[in-house]
Amino acid sequence: MTQIAHDKTDAHLNPQELVATFEKRFAGGATITAGLSLPAGFSVTTLFGPSGCGKTTVLRCLAGLERPNEGSIRAAGKVWFDSQQKICLTPQQRDIGFLFQDYALFPHLSVVENIAFGLHVCSRHERDQRVAEMVQMFDLKGLESRRTHQISGGQQQRVALARVLVRRPRLLLLDEPLSALDATLREQLRIELRRRLSLFQIPVIVVTHDRVEAIALSDHLVIMEGGRIRQSGPVEQVITRPSDLSVARIVGVETVLVGAILNVHEGLATVQVGRTTLLAVAPTIPAKCVHVCIRGEDVAIQKGPSGETSVRNHLPAIIQSLTPEGPLVRIGLDCGFDLTALVTRPACTELQLKVGDQVTANLKAPAIHLIAHD
């Protein structure tokens, strides 16, 4: 597949494609506050958090479908919204593509008619050329004359994306792009969706409350709760180093405990958790009481003696539960505190793990994230 070239007249973009800082207040008392900065070129930024935290409101404000009460939104040096200057461009003037959760396809139109719907200003030749390009890029060959009810859910999603992207927008906004699909199809389309989006070389903002989807699609993760952004940054950083207890819970850290730092030596903290001590990388903010965060995939299960290893923490444990979760098995452990491990099904079978087994839970010091606790 080839990348789409954008024929914008203002091709020399600012280093920051979009900078937005705004507040949206609702009559019922809810307030949504956002601050975002997106680089030019392709990247996927995901707004992630529980239902009702304000993700879709932020997306709609960026699109021009909602008007913030205060703040500003600028893209490539152009003002989209400014409360002080009383500027608020329409969605059409902002040159964005918005994919709604239900795709909003026209049932009375064919696949190619749906894709071509937003190209009224183009000549017939250019319209046909762009539509043919989308049909090829989104693997819709042979479906051109079908109505939307005659194609699958995955094909409907591709048609909806093609209709949005055929206009070559400067920014793409996706509201729960995979939620209308069943679980099996969602899993298949995650990687495919990101691959297709990368061809267009534009910033993408996605709204989702699905953790796996957020991690699979994103370069940057923005965690929202209660109408506010709690943390933002590269996916790996946010997932493995949550800034506070709330973020740790939102991103799904399996084990979160309260511990006490006994001492710090050469960057390593000795932490008391229940009747067990752990070695962890010391927090950047000095603290005595901490939240101890351990991701399930960072816990390695071993039977028999540990042997020579660089791993700092070897915890004798008893298996309390084994719960299959798709390709993984969630293991509940008692090692002086409750600890959750996630291992693959083949690994669980190979180790012949069963409830009541005595095992060793191995944990590297950098895998234990400490958050200062007031």
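Residue indices begin at 1 and follow the sequence shown. Just so you know, these numbers come straight off a predicted model, no measurement behind them.
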Exercise for review: Could you tell me which non-hydrogen atom of L47 sits nearest to which non-hydrogen atom of V58, and how far apart they are?
Suggested key: CD1-CG1, 3.8 Å

Exercise for review: Output yes when a side-chain donor or acceptor of R312 lies under 3.5 Å from a complementary backbone atom of A280, and no otherwise.
Suggested key: no

Exercise for review: Classify the angle between the aromatic ring planes of H108 and F106 as parallel (below 30°), tilted (30 to 60°) or perpendicular (above 60°).
Suggested key: perpendicular

Practice item. Walk me through it: do D175 and F98 pass the test side chain to side chain contact (heavy atoms under 4.5 Å, CB included)? Key: CA-CA 8 Å; D175 188 6; F98 195 114; 4.2 Å; yes

Check your understanding: Got H265 and T270 here, is their nearest side-chain heavy-atom distance under 4.5 Å?
Key -> no

Review point. Is the shortest distance from a Lys or Arg side-chain nitrogen in D244 or R230 to a carboxylate oxygen in the other one below 4.0 Å?
Key: yes

Point to revise | Worked check of side chain to side chain contact (heavy atoms under 4.5 Å, CB included) between M137 and F200 | key: CA-CA 11 Å; M137 290 185 70; F200 292 84; 3.7 Å; yes

Check your understanding: Would you say R295's side chain and A367's backbone share a donor-acceptor pair under 3.5 angstrom?
Key -> no

Review point. Would a distance-only check, ignoring hydrogens and angles, find a side-chain to backbone donor-acceptor pair under 3.5 Å from Q237 to P234?
Key: no

Check your understanding: Quick one: does L342's side chain get under 4.5 Å of V299's, heavy atoms only?
Key -> no

Exercise for review: Assess whether atom CZ of R194 is packed by more than 12 heavy atoms of other residues, nucleotides or ligands within 6.0 Å.
Suggested key: yes

Review point. Under 4.5 Å between side-chain heavy atoms, hopping through other hydrophobics if needed: is there a path connecting F117 to L119?
Key: no

Practice item. Drop me the distance from C61's SG to L173's CG, to the nearest 0.5 angstrom. Key: 11.5 Å

Exercise for review: Search all heavy atoms of L62 against all heavy atoms of L36 and return the closest pair with its distance.
Suggested key: CD1-CD1, 3.9 Å

Review point. Does some side-chain heavy atom of P242 sit less than 4.5 Å from a side-chain heavy atom of H369?
Key: yes

Check your understanding: Are any non-hydrogen side-chain atoms of L161 and L197 less than 4.5 angstrom apart?
Key -> yes

Review point. With no hydrogens and no angle check, is any side-chain donor or acceptor of N313 less than 3.5 Å from a backbone partner on L279?
Key: yes

Point to revise | D298 vs K364 side-chain heavy atoms within contact, under 4.5 Å | key: no

Check your understanding: Any sub-3.5 Å donor-acceptor pair from N114's side-chain atoms to L109's backbone N or O?
Key -> yes

Review point. Do the side chains of I368 and V253 join up, straight or via other hydrophobic residues, at under 4.5 Å, putting them in one cluster?
Key: no

**Study point:** Single-linkage hydrophobic cluster V264~V292, side-chain heavy atoms < 4.5 angstrom
**Key:** yes

Check your understanding: Do C53 and I250 touch side chain to side chain, with heavy atoms closer than 4.5 Å?
Key -> no

Practice item. For the pair R74 and D82, find out whether any cationic side-chain nitrogen is under 4.0 Å from an anionic carboxylate oxygen. Key: yes

Review point. Going through the checks in order, is the side chain to side chain contact (heavy atoms under 4.5 Å, CB included) test met by I371 and V256?
Key: CA-CA 10 Å; I371 300 172; V256 180; over 6 Å; no

Revision key, fill the gap. Shortest non-hydrogen pair, I32 vs G54, comes out as CD1-CA, 3.8 Å

Practice item. Using modelled atom types only, decide if a donor and an acceptor are shared between the side chain of K24 and the backbone of R67 within a distance under 3.5 Å. Key: yes

Check your understanding: Has D338 got more than 12 heavy atoms of other residues, nucleotides or ligands less than 6.0 Å from its CG?
Key -> no

Review point. Are D95 and K78 close enough that some pair of their side-chain heavy atoms sits under 4.5 Å apart?
Key: no

Exercise for review: Supply the atom-to-atom distance Q231 CD to I239 CD1, rounded to the nearest 0.5 angstrom.
Suggested key: 9.0 Å

Exercise for review: Taking all heavy atoms of V207 and all of K55, pick out the closest pair and write down the distance.
Suggested key: CG2-O, 3.6 Å

Review point. Any link between L171 and L65 through a network of hydrophobic side chains (Ile, Leu, Val, Met, Phe, Trp, Tyr) touching at under 4.5 Å?
Key: yes

Check your understanding: Can F337 be reached from L245 by stepping across I, L, V, M, F, W or Y side chains whose heavy atoms are under 4.5 Å apart?
Key -> no

Practice item. Hey, could you give me the CG/CD1 distance between L370 and I285, rounded to the nearest 0.5 Å? Key: 12.0 Å

Check your understanding: Which heavy-atom pair separates A160 from Y103 by the least distance, and what is that distance?
Key -> CB-CB, 3.8 Å

Point to revise | Residue pair L333 / I319, side-chain heavy-atom distance below 4.5 Å | key: yes

Review point. Would you call E225 and R249 a salt bridge, using N to O less than 4.0 angstrom?
Key: no

Check your understanding: Donor-acceptor pair, T255 side chain versus T340 backbone, under 3.5 Å?
Key -> yes

Review point. What do the steps show when you test R158 against I151 for side chain to side chain contact (heavy atoms under 4.5 Å, CB included), and what is the final call?
Key: CA-CA 11 Å; R158 299 206 301 268; I151 59 178; over 6 Å; no

Exercise for review: Evaluate whether atom CD1 of I191 has more than 12 neighbouring non-hydrogen atoms of other residues, nucleotides or ligands under 6.0 angstrom away.
Suggested key: no

Review point. Which value, rounded to the nearest 0.5 Å, describes the distance between E66 atom CD and L59 atom CG?
Key: 11.0 Å

Practice item. To the nearest 0.5 Å, tell me how far F42 CZ sits from L199 CG. Key: 8.5 Å

**Study point:** Taking every non-hydrogen atom, the tightest pair across L217 and V206
**Key:** CD1-CG1, 4.3 Å

Check your understanding: For Q84, does the CD atom sit with more than 12 other heavy atoms under 6.0 Å from it, leaving out its own atoms?
Key -> no

Review point. Does S198 offer a backbone N or O that forms a donor-acceptor pair with the side chain of Q201 under 3.5 Å?
Key: yes

Review point. Can you tell me how far the CG atom of L38 sits from the OG1 atom of T45, to the nearest 0.5 Å?
Key: 4.0 Å

Exercise for review: Could you tell me whether a side-chain N or O of E144 sits under 3.5 Å from a main-chain N or O of G142, the two making a donor and an acceptor?
Suggested key: yes

Point to revise | T208 (side chain) donor-acceptor with D210 (main chain) under 3.5 angstrom | key: yes

